[in-house]
**Student:** 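Sharing a structure, written as structure tokens. Questions coming.
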Amino acid sequence: QVQLVESGGGLVQAGGSLRLSCAASGRIFSFNYMGWYRQAPGKQRELVANIIGGGRTNYADSVKGRFTISRDNAKNTVYLQMNSLKPEDTAVYYCHLWSGDDYWGQGTQVTVSS
């Protein structure tokens, strides 16, 4: 059974930085599609960033230039480096893996204060 566990969330002041980690375990056949999503209270879940294939990355327009997604295949871990955080980045952040099926972490809270 595949499991994803997020960590690194917390409370940070606007302009600060956080790095989220997502560690995957279980029978994982490939890491060809991994991503980070977020959901704020009363809002729809949205894609923040993903990393696919040989390492191609995609970002939501709202985070371009501020967030960086990366992965370490040897550690089965994907990261999201978040810089210049804004209050509107406040949300629960979820790790996602597609590996023949969809897998989700339970989420980690990111709160950015003014």
Side-chain angles (χ1 to χ4, degrees):
Q1 183 178 359
V2 175
Q3 294 185 356
L4 304 177
V5 180
E6 302 101 333
S7 62
L11 175 64
V12 65
Q13 191 175 11
S17 298
L18 287 172
R19 189 178 76 156
L20 306 183
S21 298
C22 173
S25 62
R27 294 187 177 183
I28 303 168
F29 300 104
S30 70
F31 289 91
N32 61 350
Y33 192 105
M34 296 194 72
W36 288 95
Y37 290 74
R38 68 186 181 188
Q39 187 167 22
K43 299 292 195 296
Q44 297 277 57
R45 184 182 64 183
E46 65 173 345
L47 175 68
V48 177
N50 61 24
I51 183 164
I52 59 176
R56 176 69 182 270
T57 58
N58 300 284
Y59 298 92
D61 288 342
S62 60
V63 307
K64 285 181 179 177
R66 300 189 297 119
F67 291 11
T68 303
I69 188 170
S70 62
R71 66 186 176 198
D72 186 333
N73 291 334
K75 296 181 179 180
N76 292 350
T77 301
V78 63
Y79 304 94
L80 185 68
Q81 179 66 47
M82 305 184 294
N83 299 324
S84 301
L85 282 161
K86 305 174 180 179
E88 51 262 45
D89 295 318
T90 295
V92 177
Y93 285 70
Y94 297 92
C95 180
H96 170 257
L97 164 69
W98 190 89
S99 183
D101 204 350
D102 288 305
Y103 300 95
W104 295 90
Q106 67 178 20
T108 185
Q109 177 71 48
V110 172
T111 302
V112 184
S113 63
S114 300

**Student:** Do K86 and D89 sit within salt-bridge range, that is, some charged N less than 4.0 Å from a carboxylate O?
**Tutor:**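 Judged by the 4.0 Å cut-off on N to carboxylate O distance, K86 and D89 do not form a salt bridge.
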**Student:** Which atom pair, heavy atoms only, marks the closest approach of M34 to C95?
**Tutor:** CE-SG, 4.1 Å
**Student:** Just verifying a value: how many Å separate L20 CG and W36 CH2, rounded to the nearest 0.5 Å?
**Tutor:**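 It is 4.5 Å, given to the nearest 0.5 Å.
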**Student:** CD of E88: more than 12 outside heavy atoms within 6.0 angstrom?
**Tutor:** yes
**Student:** Scan V63, T68, L18 and name whichever one has a side chain to side chain contact (heavy atoms under 4.5 Å, CB included) with M82.
**Tutor:** L18
**Student:** Say whether, by atom type as modelled, one donor and one acceptor occur between the side chain of Y59 and the main chain of I69 under 3.5 angstrom.
**Tutor:**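 Yes; judged by distance alone, with no hydrogens or angles, the pair exists.
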**Student:** Please determine whether residues V12 and V48 belong to a single hydrophobic cluster, defined as Ile, Leu, Val, Met, Phe, Trp and Tyr linked transitively by side-chain heavy-atom distances below 4.5 Å.
**Tutor:** yes
**Student:** In Å, rounded to the nearest 0.5 Å, how long is the span from CD of E46 to CD of Q39?
**Tutor:**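 Reported value, rounded in 0.5 Å steps: 9.5 Å.
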**Student:** Would you name the heavy atoms of Y33 and I52 that are closest together and state the gap between them?
**Tutor:**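 Of all heavy-atom pairs spanning Y33 and I52, the closest is CD1-CG2, 3.2 Å.
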**Student:** Would you give the length of the straight line joining atom CZ of R38 to atom OG1 of T90, rounded to the nearest 0.5 angstrom?
**Tutor:**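 With rounding to 0.5 Å, CZ (R38) is 9.0 Å from OG1 (T90).
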**Student:** Can you tell which of E6, Q3, H96 makes a side chain to side chain contact (heavy atoms under 4.5 Å, CB included) with W104?
**Tutor:**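 For W104, the side chain to side chain contact (heavy atoms under 4.5 Å, CB included) test succeeds with only one of E6, Q3, H96, which is H96.
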**Student:** Distance-only check: which donor-acceptor pairs under 3.5 Å involve side-chain atoms of residues 70-77, not counting sequence neighbours?
**Tutor:**
from : atom 1 : to  : atom 2 : distance (Å)
R71  : NH1    : F31 : O      : 2.7
R71  : NH2    : G53 : O      : 2.4
D72  : OD1    : A74 : N      : 3.1
D72  : OD1    : K75 : N      : 3.3
T77  : OG1    : K75 : O      : 2.8

**Student:** For residues 107-114, which side-chain donor-acceptor pairs fall under 3.5 Å, sequence neighbours excluded?
**Tutor:**
from : atom 1 : to   : atom 2 : distance (Å)
T108 : OG1    : G9   : N      : 3.3
Q109 : NE2    : A91  : O      : 3.4
Q109 : NE2    : T111 : OG1    : 3.3

**Student:** How would you list, by chain and number, every residue that makes a ring-ring contact (aromatic ring centres under 6.0 Å, His included) with Y103, sequence neighbours excluded?
**Tutor:**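 For Y103, no residue satisfies ring-ring contact (aromatic ring centres under 6.0 Å, His included) once neighbours in sequence are set aside.
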